[in-house]
Asker: 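Submitted below is the structure of interest, expressed as structure tokens.
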Amino acid sequence: MSYTDKIVLVTGGASGIGRATVEKFARAGATVVFTDIGPNLGEPLQAELAEVGLKTELVISNATVEADVVSLVQGIVSRHGRLDVAINNVGNMAGGDRPGLDLHETSTDAFEGTMAVSFTDNFYALKYEIIQMLAQGGGVIANTVSIAGTTVFELTSPTYSAAKAATIHLTEFAAVRYARDNIRINAVAPGIVETPSLAATPEETRNAALALLPSGRFQQAEDIANAFFWLCSDEAANVTGIVIPVDGGYSAK
Ligand SMILES: NC(=O)c1ccc[n+]([C@@H]2O[C@H](COP(=O)([O-])OP(=O)(O)OC[C@H]3O[C@@H](n4cnc5c(N)ncnc54)[C@H](O)[C@@H]3O)[C@@H](O)[C@H]2O)c1
């Protein structure tokens, strides 16, 4: 699968799943534009990839700010003429929301914080990416969701789960609506990925999480990047509106 000459956007690309995705597409010849909220992680990643001859573009852009998303897409189009693939990967808990927080304890700040970074940002991204893809005659979009959005996964929070479920439905709705416009829209639902934030979780919680995965192993960021790699390629040309779980069998239980 080659991505030579493809313009690929990865949001939240400086760490974890986004970072592995940036690297995977850059190695396949894509021109990768990646965003992050600040330069701290993105600049070292860019330098590391440049050392092995991979050129990427880092744009500091907050996925929860509509004006940032508008100028991100406009900037890509003014520099490269088009946007072929967009991977909307930003998502988290915010505003005091945290794994295991019960609904009756969730503050409005926590609810709004998580919705902003795990749902509203996907609305902004989809909207402006689709406007561009309609204008250029097609494109491919993929969103990072979660097994928390497809099942009740009690180790996370109800708001995060609802935000991911809402993103899945927006993905499906848009996939159906824009299928005849040559725009494919899908999602990947990671299980529990071995990222720096998992490493910082108490051992007891990590063991409880691991016990839930039939494969008995955490997912790697590269596992998720591999799913995006196929999903956004021409080999998946007739695939739209799906959610691929990459979760070691969890969602089959
Ligand atoms: N790690 C997991 O186990 C797991 C499981 C299921 C789903 N996910 C989802 O995968 C995606 C990536 O998660 P990760 O674990 O790789 O995260 P991460 O924290 O390692 O990386 C996320 C990146 O996004 C950036 N970011 C955060 N807020 C931003 C904003 N508003 N605008 C732009 N950039 C922003 C961060 O600075 C960071 O570099 C998220 O959508 C998350 O919900 C993760």
Side-chain angles (χ1 to χ4, degrees), residues 9-24 33-46 56 58-69 71-73 86-95 97-99 112-125 142-151 153 155-157 159-168 170-171 187-201 205-206 208-210 212-213 217-225 227-228 243-248 250-251:
L9 166 66
V10 181
T11 71
S15 170
I17 293 167
R19 181 189 162 104
T21 306
V22 168
E23 186 166 347
K24 180 90 187 167
V33 180
F34 72 101
T35 71
D36 218 86
I37 200 153
N40 293 0
L41 299 171
E43 284 179 355
L45 172 61
Q46 248 195 324
T56 55
L58 169 64
V59 178
I60 305 305
S61 174
N62 186 338
T64 68
V65 175
E66 187 171 8
D68 277 18
V69 180
S71 63
L72 170 68
V73 174
I87 297 172
N88 303 316
N89 170 67
V90 170
N92 210 337
M93 291 171 220
D97 195 17
R98 59 176 163 75
E112 289 179 350
T114 292
M115 288 305 279
V117 76
S118 293
F119 178 56
T120 312
D121 62 329
N122 290 313
F123 161 68
Y124 296 147
N143 300 314
T144 309
V145 291
S146 169
I147 52 169
T150 55
T151 62
F153 184 70
L155 294 179
T156 185
S157 84
T159 307
Y160 178 79
S161 305
K164 292 296 189 182
T167 299
I168 289 171
L170 204 60
T171 301
V188 176
I192 306 165
V193 186
E194 217 157 8
T195 55
S197 54
L198 182 70
T201 320
T205 314
R206 263 188 322 199
L210 192 58
L212 295 172
L213 299 176
R217 72 166 186 91
F218 291 121
Q219 280 63 66
Q220 301 301 311
E222 291 73 18
D223 297 331
I224 317 306
F228 282 128
V243 181
I244 298 184
V246 182
D247 61 4
Y250 176 82
S251 55

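Just the heavy atoms: all of them, side chains too, but no hydrogens, waters or symmetry mates, feed the values below. Whatever order the structure lists them in is the order used to number ligands and atoms, beginning at 1.
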Asker: Do the side chains of M93 and S157 get nearer than 4.5 Å, heavy atoms only?
Answerer: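 S157 reaches M93 side chain to side chain.
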Asker: To the nearest 0.5 angstrom, please state how far the CG atom of N88 sits from the OG1 atom of T11.
Answerer: 5.0 Å
Asker: Quick one, T201 and L198 - any side-chain contact, counting heavy atoms below 4.5 Å?
Answerer: yes
Asker: Find out whether T35 and D68 are in side-chain contact, i.e. whether some heavy atom of one side chain is under 4.5 Å from a heavy atom of the other.
Answerer: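 Not in contact.
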Asker: Could you give the N/O to N/O pairs under 3.5 Å linking ligand 1 and the protein, each with its distance?
Answerer:
from	atom 1	to	atom 2	distance (Å)
ligand 1	3 (O)	V193	N	2.8
ligand 1	16 (O)	I17	N	2.8
ligand 1	20 (O)	S15	OG	2.7
ligand 1	31 (N)	N62	OD1	2.9
ligand 1	32 (N)	A63	N	2.9
ligand 1	34 (N)	I37	N	3.4
ligand 1	37 (O)	D36	OD2	2.5
ligand 1	39 (O)	D36	OD1	2.6
ligand 1	39 (O)	D36	OD2	3.2
ligand 1	41 (O)	N89	O	2.8
ligand 1	41 (O)	G91	N	3.3
ligand 1	41 (O)	K164	NZ	2.9
ligand 1	43 (O)	Y160	OH	2.5
ligand 1	43 (O)	K164	NZ	3.0

Asker: Examine the side chains of S197 and T195 and answer whether a donor and an acceptor come within less than 3.5 Å of each other.
Answerer: yes
Asker: Can you tell me if T167 and N122 form a side-chain donor-acceptor pair at under 3.5 Å?
Answerer: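 Side-chain D/A pair, T167 to N122: present.
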